[in-house]
Protein chains: 2
Amino acid sequence: MSYHHGGLRAALIAEGLRVARTGGAAALGMRELTRAVGVSPNAAYRHFADRQALVLAVALEAQDLLADAMRARIAPSASPLDRLRAVGLGYIHFARTERGWFELAILTRDDGPPGTNGPFPAPFQLLLDALDGLVASGGLPAARRAHAEWACWSTVHGFADLTTRGPLRRQDPATLDALASYVVDTVIEGLTSGGST
Amino acid sequence: MSYHHGGLRAALIAEGLRVARTGGAAALGMRELTRAVGVSPNAAYRHFADRQALVLAVALEAQDLLADAMRARIAPSASPLDRLRAVGLGYIHFARTERGWFELAILTRDDGPPGTNGPFPAPFQLLLDALDGLVASGGLPAARRAHAEWACWSTVHGFADLTTRGPLRRQDPATLDALASYVVDTVIEGLTSGGST
DNA sequence: GAGCAATGTTGACACCGTACACCAGAGTCG
DNA sequence: CGACTCTGGTGTACGGTGTCAACATTGCTC
């Protein structure tokens with residue numbers, strides 16, 4: 001070993017994930033990461049254009065971790081409605097328990113021309129599937145399916161942000177659990193009850 | 001003039017507001033701000049403990065600007081329901097049109113012991129008032145008033161974040177306007193329709 | 001084995017936040 | 001009037017950062 005590290009790129013991402021878990025995105029420094037991996041600062045530039053690129057690479061991993069955590073909370077035998085609940089509550093729970101990773105996971109890379117959204121990230125896809133499942137089971141009128149994902153995501157993501165960086169930051173877990181359920185149920189109620197548009 | 005500046009503190013905050021409008025919180029640097037005001041970097045430390053303190057002082061101003069913008073969108077003759085809508089849509093509109101200020105306005109200073117939230121910030125108070133008004137007018141059963149603010153704030157704030165930093169960032173304004181109305185109406189529907197809790 | 005592309009290293013630059021010691025000016029008191 | 005002190009500024013310096021340019025080393029291929 002020594003001069004050529006081998007899997008520097010992977011090693012940097014792995015270390016980044018470790019560091020970001022407690023320190024968030026701000027803790028991902030070129031010098032700090034390369035130091036931890038035992039390599040000179042500039043070595044990283046062979047694998048990442050700049051710091052931002054490294055952060056986004058770590059963010060991609062964090063996004064997968066978020067998706068995994070959400071999937072783990074969906075009971076295979078659950079009803080479509082409960083699956084939708086689990087998606088939302090899983091998102092919120094991950095945000096609360098893995099604050100650093102969550103901060104990364106919701107980082108959006110600005111690629112593509114304005115207007116287009118690339119392939120949807122895995123966590124968002126889980127939400128789309130849950131909504132489609134609800135429609136298929138008759139739990140949500142097909143006519144009301146359009147844009148439902150944005151209502152759900154807004155609420156769940158907003159709650160996650162309030163508990164992560166906002167005024168609910170220091171609330172005790174029990175209260176937050178109850179609030180989370182209430183908030184998720186409220187959007188679902190809004191979606192499924194008989195409004196106009 | 002010259003050696004003693006006089007209103008350095010106010011001048012720094014004002015300049016900070018100017019800079020942050022386009023650059024967000026990250027643009028608020030000790031050196032940059034003091035340079036713009038024409039003073040040595042360390043002068044700022046007579047008025048702010050550190051950079052964070054300066055940022056929070058500017059954030060407080062931004063919070064007022066947000067509240068003002070929201071108030072400006074509430075028609076005095078509007079129905080309680082429309083007032084609630086205006087509060088949410090005002091919040092979202094401000095986030096979209098004043099991205100830098102918005103980023104500051106939602107910054108929470110971590111004061112106080114865990115569990116307590118200090119006096120509510122002005123924008124949040126507007127939401128509370130709107131909800132109370134809706135209850136008073138019979139538009140919302142008093143039994144369902146509890147925690148309603150968190151459902152509303154989660155949704156509205158989440159949507160604002162999605163359009164500001166998230167996947168809706170590059171969506172065209174017309175689409176966002178429609179989506180915003182839809183999302184706000186969905187939560188309100190969830191609150192007012194006949195659920196359980 | 002020679003040449004080459006990939007992947008490291010070293011050194012330097014410009015910038016940042018901030019700690020420490022010092023100085024200018026205004027106000028007060030003997 | 002002159003000295004004393006308080007407030008709010010200045011200068012210098014330290015350790016940290018991201019990043020560029022030039023150079024060294026290694027493994028792959030002809």
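Note on naming: letters A, B, ... go to the chains in the order of the sequence lines (proteins, then strands), and numbering restarts at 1 for each one. Note: hydrogens, waters and symmetry copies are ignored here, and every other heavy atom, side chains too, is used.
- Following rounding to the nearest Å, R35(A) (CZ) and dT9(C) (P) show an atom-to-atom distance of 14 Å.
- For the salt bridge (Lys or Arg N to Asp or Glu O under 4.0 Å) condition, the pairs that include at least one residue of residues 62-88 of chain B, sequence neighbours left out, are D68(B)-R71(B), D82(B)-R85(B), R85(B)-D185(B).
- Clustering ILVMFWY residues whenever any of their side-chain heavy atoms sit less than 4.5 angstrom apart, transitively, puts Y182(A) in the very cluster that holds L89(A).
- Legend: residues meeting ring-ring contact (aromatic ring centres under 6.0 Å, His included) with F48(A), ordered by chain and number and at least two apart, are absent.
- Within residues 18-31 of chain B, the residues that have a heavy atom under 4.0 Å from DNA chain C are, in order of number, G29(B), M30(B), R31(B).
- Residues passing the side chain to side chain contact (heavy atoms under 4.5 Å, CB included) test with A86(B) are I74(B), sequence neighbours excluded.
- With sequence neighbours excluded, the residues that form a ring-ring contact (aromatic ring centres under 6.0 Å, His included) with F102(B) are Y91(B).
- The side chain of N42(A) lies closest to dG11(C), out of dG17(C), dG9(D), dG11(C).
- For L128(A), the side chain to side chain contact (heavy atoms under 4.5 Å, CB included) partners are F120(A), F124(A), Q125(A), R145(A), E149(A), not counting sequence neighbours.
- The side chain to side chain donor-acceptor pair (under 3.5 Å) check on D50(A) picks up nothing, with sequence neighbours excluded.
- The stretch residues 43-50 of chain B comes close to DNA chain D through A43(B), R46(B), H47(B), each having a heavy atom under 4.0 Å from the strand.
- With sequence neighbours excluded, the residues satisfying side chain to side chain contact (heavy atoms under 4.5 Å, CB included) with R99(A) are T164(A), R169(A).
- Atom CG of L33(A) is separated from atom P of dT17(D) by 10 Å (rounded to the nearest Å).
- An angle of 20°, rounded to 10°, separates the two end axes of the helix from dG1(C)-dC30(D) to dG30(C)-dC1(D), each defined over five pairs.
- Residue pairs satisfying the side-chain hydrogen bond (donor to acceptor under 3.5 Å, both in side chains) criterion with at least one member in residues 25-35 of chain B, sequence neighbours excluded, are absent.
- Atom CZ of R51(B) and atom P of dT18(C) are 8 Å apart (whole Å).
- E103(B) pairs by the salt bridge (charged side-chain N to carboxylate O under 4.0 Å, His left out) definition with nothing, not counting sequence neighbours.
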